[in-house]
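The figures that follow rest on heavy atoms only: side chains count, while hydrogens, waters and symmetry mates do not.
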Amino acid sequence: MDYTPADTFMLAKSPYAASDIGSGIIVYPGPYAHYMYMGEVYGPNIPVFDDNSGTPTRFFSRPGERKTPTGRAIQYKTDKNALAGPFWAERMKADHIDDIVREAKNAAGIK
């Protein structure tokens, strides 16, 4: 969970309900999970101005409209998860491979 982007922690917690625990496959459901994982802004993005600042407060894409990579990197907040960023599973595995192998051996009864 430390590597997953977290604002409300919904994305980080979602695999617990969506994945078949023990299958070796982790599922992150939701329309935005893929984009967050890839770390690239997809669009088209239509700006929404909720105030008079002249700066968009958010963006949206029309439902059903095909989204494509824009070439712009997502800027992840790291105030709640310092390691938040794209490709979180690969980064976690690289950092914790020894722990993963040890736990797999324990689960398999291998010393």
Side-chain angles (χ1 to χ4, degrees):
M1 208 184 291
D2 294 341
Y3 295 78
T4 308
D7 189 18
T8 63
F9 288 92
M10 290 301 295
L11 180 64
K13 293 177 182 178
S14 66
Y16 293 104
S19 301
D20 181 11
I21 305 299
S23 71
I25 298 172
I26 301 171
V27 176
Y28 285 88
Y32 63 94
H34 171 75
Y35 310 126
M36 294 300 288
Y37 194 79
M38 299 306 291
E40 187 171 354
V41 176
Y42 278 58
N45 294 304
I46 300 166
V48 176
F49 300 88
D50 291 323
D51 57 29
N52 293 326
S53 69
T55 302
T57 52
R58 59 190 169 91
F59 295 86
F60 83 99
S61 295
R62 289 183 183 89
E65 191 169 357
R66 181 170 171 75
K67 296 164 185 64
T68 57
T70 63
R72 291 180 297 145
I74 291 176
Q75 300 301 309
Y76 296 95
K77 294 179 185 177
T78 56
D79 57 330
K80 295 181 181 173
N81 276 354
L83 300 173
F87 303 104
W88 54 80
E90 285 81 2
R91 293 185 300 110
M92 181 279 300
K93 287 187 278 187
D95 289 351
H96 295 282
I97 190 65
D98 294 336
D99 300 324
I100 294 167
V101 170
R102 184 175 51 255
E103 288 298 320
K105 284 182 178 180
N106 286 341
I110 300 170
K111 298 286 176 181

Check the surroundings of atom CD1 in Ile100: do more than 12 heavy atoms from other residues, nucleotides or ligands lie under 6.0 Å from it?
yes
4.5 Å side-chain heavy-atom contact, Ile74 and Glu40:
no
Taking every non-hydrogen atom, the tightest pair across Pro15 and Ala12:
CD-O, 3.4 Å
Main-chain N/O of Tyr16 paired with Ser19 side-chain donor or acceptor, under 3.5 Å
no
Any luck finding a side-chain donor-acceptor pair between Tyr76 and Asn81 under 3.5 Å?
no
Between Ala89 and Tyr37, what is the shortest heavy-atom contact and its length?
CB-OH, 3.5 Å
How long is the gap from CZ on Arg102 to CD1 on Ile110, to the nearest 0.5 Å?
14.5 Å
To the nearest 0.5 Å, tell me how far Asn45 CG sits from Arg58 CZ.
12.5 Å
For Tyr28, give me all partners under ring-ring contact (aromatic ring centres under 6.0 Å, His included), at least two apart in sequence or on another chain.
Trp88
Close side-chain approach of Lys77 to Pro5, heavy-atom, < 4.5 Å
no
Test your reading of the model: is there a side-chain donor-acceptor pair from Arg91 to the backbone of Leu83, 3.5 Å cut-off?
yes
Side chains of Lys80 and Thr4: closer than 4.5 Å at any heavy-atom pair?
no
Which residue in the set Thr57, Asp51, Asp50 passes side-chain hydrogen bond (donor to acceptor under 3.5 Å, both in side chains) when paired with Ser53?
Asp51
Same apolar cluster (I L V M F W Y, side chains within < 4.5 Å links), Leu11/Met38:
yes
Do Val27 and Phe87 belong to the same hydrophobic cluster, where Ile, Leu, Val, Met, Phe, Trp and Tyr are linked whenever their side-chain heavy atoms lie under 4.5 Å apart, directly or via other members?
no
side-chain contact (heavy atoms from CB on, under 4.5 Å) between Ile25 and Asp20, worked out
CA-CA 7 Å; Ile25 298 172; Asp20 181 11; over 6 Å; no
Does Phe49 reach the side chain of Thr55, with side-chain heavy atoms less than 4.5 Å apart?
no
What's the separation between atom OH in Tyr35 and atom OG in Ser61, rounded to the nearest 0.5 Å?
7.5 Å
Rounded distance (nearest 0.5 Å) linking atom CD of Glu90 with atom CG of Asp95
12.0 Å
In this structure, would Ile46 and Val48 fall into the same cluster of hydrophobic residues linked by side-chain contacts under 4.5 Å?
yes
Would the distance check show the side chain of Thr78 and the main-chain N or O of Ala84 forming a donor-acceptor pair, the cut-off being under 3.5 Å?
no
Would you confirm whether Thr70, through its side chain, and Tyr42, through its main-chain N or O, come within 3.5 Å as a donor-acceptor pair?
no
At their closest point, which heavy atom of Lys67 faces which heavy atom of Arg62, and how far apart are they?
NZ-O, 4.1 Å
